[in-house]
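Reviewing the structure listed below.
Atoms within each ligand, like the ligands themselves, are counted from 1 in listed order. Remember, it's a predicted structure, so these values are computed and weren't measured experimentally.
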Amino acid sequence: MRRTHYLRSCSVSRVGRGLKVVVVVGVAGVGKSTVLSHAREVLEGSGYVVETLNYGDFMLRYVVERGICRSRDEIRGLPLSEQRRIQSLVARELRSYIDSLPAKYPGSDVVVFVDTHAVIKTATGFWPGLPEYVVKELMPDTIVVVEADPQSVVGRQSRDSSRFRGDYSDVGLVREVMEFIRMFSVASATLVGASVSVVRNEEGKAEEAGRFLAELIKRL
Ligand code: ATP
Ligand code: AMP
Ligand code: MG
């Protein structure tokens, strides 16, 4: 059953030039969402249709609608079994949405960014954001790892009052998570034949990182 679905996804989202799925990962606060907004601008300027799907938004909608919790940074504190269940539901929801895009934008070059995490720090240890049952729904063409100097990441976290990332705000921990992210990304990419690249988001240079990412995507 899984295998059949995998093949179906393959023929829909991988074959053909019209739709590219780009999964973007990185430690909390490194600047994924910021870099993506810049990359989107560049790609739209070059005639692409860009859809950015934030995995956390979908997880958040699910938990808020059911009164499970109220903020996105509380989700990773839920019991692991609950996070896994929601993660799996969201993967299928994203797949259906991605499948609807060719009909929504006929004849266009569509780039779907999935803004998510390769590793989530939970009370039970580092947990994969892209296990087989997720990555085989998303079927990314490429996985982009956004990185920055760990000290800068902690600085960004502390300046961003819209979020609570206290469980990640230690330079040593950020460095450790970044190492795990590379490993988990390679493991996920290997399951679906996606490429993996690292995009540096240097301090004050998110636009530059966005431009770099956009150029990379044009070559997919
Ligand atoms: P999360 O995984 O928690 O969603 P994220 O990786 O999406 O985090 P952002 O929300 O994009 O991170 O960025 C975190 C903070 O860092 C924001 O306040 C943003 O403005 C800032 N920021 C992003 N990129 C840079 C940069 N290159 N230099 C300085 N600040 C940055
Ligand atoms: P974000 O705003 O990207 O940090 O996402 C908010 C929260 O959603 C994260 O802290 C995780 O708890 C959850 N989340 C995002 N992506 C995934 C994923 N691929 N698997 C499991 N949980 C995820
Ligand atoms: Mg984000």
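Below 4.0 Å from some heavy atom of Ile75 lie the following atoms of ligand 2, by number and element: 12 (O).
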Passes salt bridge (charged side-chain N to carboxylate O under 4.0 Å, His left out), Lys20 versus Asp109? Steps please. CA-CA 8 Å; Lys20 300 294 179 195; Asp109 284 325; over 6 Å; no
So Lys121 and Asp167, salt bridge (charged side-chain N to carboxylate O under 4.0 Å, His left out) or not? Walk me through it. CA-CA 8 Å; Lys121 182 176 171 283; Asp167 50 339; 5.1 Å; no
Under the salt bridge (charged side-chain N to carboxylate O under 4.0 Å, His left out) rule, what do Arg163 and Asp73 come out as? Steps first, then yes or no, please. CA-CA 7 Å; Arg163 298 285 303 267; Asp73 291 303; 2.8 Å; yes
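Among all non-hydrogen protein atoms, the one lying nearest atom 10 (O) of ligand 2 is Arg76 NH1, 2.9 Å. Nearest to atom 1 (P) of ligand 2 among the protein's heavy atoms is His117 NE2, 3.5 Å. The nearest protein atom to atom 5 (O) of ligand 2, hydrogens excluded, is given as Gly56 CA, 3.5 Å; this is a heavy-atom distance. At the shortest separation from atom 16 (N) of ligand 2 among protein heavy atoms lies Thr116 OG1, 2.8 Å.
For Asp170, the side-chain contact (heavy atoms from CB on, under 4.5 Å) partners two or more places apart in sequence, or in a different chain, are Leu173.
Looking at Trp127 next to ligand 2, no N or O pair under 3.5 Å apart turns up. At a 3.5 angstrom cut-off on N or O pairs, Gly129 counts as close to ligand 2. Residue Gln87 has at least one N or O atom closer than 3.5 Å to an N or O atom of ligand 2. Residue Gln83 places no N or O, backbone or side chain, under 3.5 Å from any N or O of ligand 2.
Counting heavy atoms under 4.0 Å from ligand 2, residue Arg72 touches it through both backbone and side chain. By the criterion of a heavy-atom distance under 4.0 Å, the side chain of Met59, and not its backbone, is placed next to ligand 2. Residue contacts with ligand 2 for Arg163 involve side-chain atoms from C-beta outward but no N, CA, C or O (heavy atoms, distance under 4.0 Å). Of the heavy atoms in Ile120, only side-chain atoms (C-beta onward) come closer than 4.0 Å to ligand 2.
Because its NZ or CZ atom is not both nearer than 6.0 Å to the ring centre of Phe184 and within 45° of the ring axis, Arg182 does not count as a cation-pi partner of that residue. Under the 6.0 Å distance and 45° angle rule, Arg61 counts as a cation-pi partner of Phe58.
Taking backbone and side-chain atoms together, Asn54 has no N/O/S atom less than 2.8 Å away from the Mg ion (ligand 3).
When Arg95, Glu132, Glu93 are each tested for a side chain to side chain contact (heavy atoms under 4.5 Å, CB included) with Glu137, only one passes: Arg95.
In this structure, the side chains of His38 and Arg211 stay at 4.5 Å or more apart for every pair of heavy atoms. Between Leu220 and Val22 the shortest side-chain heavy-atom distance falls below 4.5 Å. A 4.5 Å side-chain heavy-atom check between Trp127 and Arg76 finds every atom pair outside the cut-off.
Residues Glu208 and Arg200 are not paired through a salt bridge, judged by the lack of any N-O separation under 4.0 Å between the basic side chain and the carboxylate.
Annotation: ligand 1 has protein neighbours Val27, Ala28, Gly29, Val30, Gly31, Lys32, Ser33, Thr34, His117, Arg156, Asp160, Arg163, Arg165, Asn201, Glu202, Glu203, Gly204, Lys205, Ala206, each with a heavy atom less than 4.0 angstrom from the ligand.
Listed for the Ser188 side chain is a donor-acceptor partner under 3.5 Å among the backbone atoms of Leu130.
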